[in-house]
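Both backbone and side-chain heavy atoms feed into the values below; hydrogens, waters and symmetry mates do not. Remember, it's 1-based here, ligands and their atoms both numbered in the order they're listed.
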Amino acid sequence: MSATTTANASELHVLDHPLGAAQLSILRAQSTAPNEFRRAMQKLALLLLVEAARRWEINSVAMESPLRSFTGQILPRPIALVPILRAGLGLQEGMMQLIPEASTGHVGLYRDPKTLRPVKYYCRLPEKLAESEVLVLDPMLATGHSAVEAVSIVKAGGATRLQFVCVLACPPGIETLQGAHPDVPIIAAALDPELNDVGYIVPGLGDAGDRYFGTG
Ligand code: URA
């Protein structure tokens, strides 16, 4: 994983792993069927979770094996996943395989056709957000406006220890999110160079929600 931090901007971590690259190629390919797409998204979610969890607090505790005492390690904080509806649900579903004890909050945003800004239509967040390790999930960090809004909503709910996790990020989205929330690390599987004129990441993978749910 490579990490970069610029002055007054959050950390940006890009997954640099052959297993991630292989799953990402499946996601990108136009020929990938929805069932394969879902499987690849969930596998990639696990790899992204492993990277995000490096930043979580861990406590040492005295424990007993059948043979002798040892110093064990536990995650002392609750974990909360907050997918942005609807594409973020694919990342959440994958991560829950490794951390089924996590709570899930949901943030629903739509784009106002006049202002093109995200507007909240649904929000239900877990309790204990203030003490939780929180991952805000959206596969595509495109313009960054939804990400900024979702992170603001989760912060307003009390979260302080949060990271933004995506599959693909591109420069405008990174700049927008880092500008608004310089304290929030961004974890991405890969960086793509640009957005097209309708705000899709290029080369990207298309509409992540449509491809995950087979609605495209
Ligand atoms: N949302 C998507 O699903 N895909 C993009 O490329 C950008 C935003």
**Item:** Any side-chain heavy-atom pair of Gln178 and Phe164 under 4.5 Å
**Value:** no
**Request:** Say whether Thr143 and Arg111, considering side chains only, have a donor N or O and an acceptor N or O under 3.5 Å apart.
**Result:** no
**Request:** Return the set of residues passing side chain to side chain donor-acceptor pair (under 3.5 Å) with Asp207 (not counting sequence neighbours), or none when no residue passes.
**Result:** Tyr200
**Atoms of ligand 1, numbered as shown, that sit under 4.0 Å from any heavy atom of Ala142** = 7 (C), 8 (C)
**Prompt:** Which ligand 1 atoms, with their elements, are less than 4.0 angstrom from a heavy-atom of Gly199?
**Reply:** 7 (C)
**Close side-chain approach of Leu24 and Leu168, heavy atoms under 4.5 Å** = yes
**Item:** Sub-4.0 Å heavy-atom approach of Gly206 to ligand 1
**Value:** yes
**Fill in**
The closest protein heavy-atom partner of atom 5 (C) of ligand 1 is Tyr200 CD2, 3.4 Å
**Item:** Salt-bridge contact Arg161-Glu133 (side-chain N to carboxylate O under 4.0 Å)
**Value:** yes
**Request:** Would you mind checking if Glu93 and Arg38 are paired as a salt bridge, meaning a charged N to carboxylate O distance below 4.0 Å?
**Result:** no
**Prompt:** What atoms in ligand 1 come closer than 4.0 Å to a heavy atom of Ala208?
**Reply:** 2 (C), 3 (O)
**Item:** Shortest heavy-atom approach to atom 8 (C) of ligand 1 - which of Arg86, Arg211, Met140
**Value:** Met140
**Message:** Pairs of nitrogen or oxygen atoms closer than 3.5 Å, one from Gly209 and one from ligand 1: do any exist?
**Reply:** no
**Closest approach of any protein heavy atom to atom 6 (O) of ligand 1, naming residue and atom** = Ile201 N, 2.8 Å
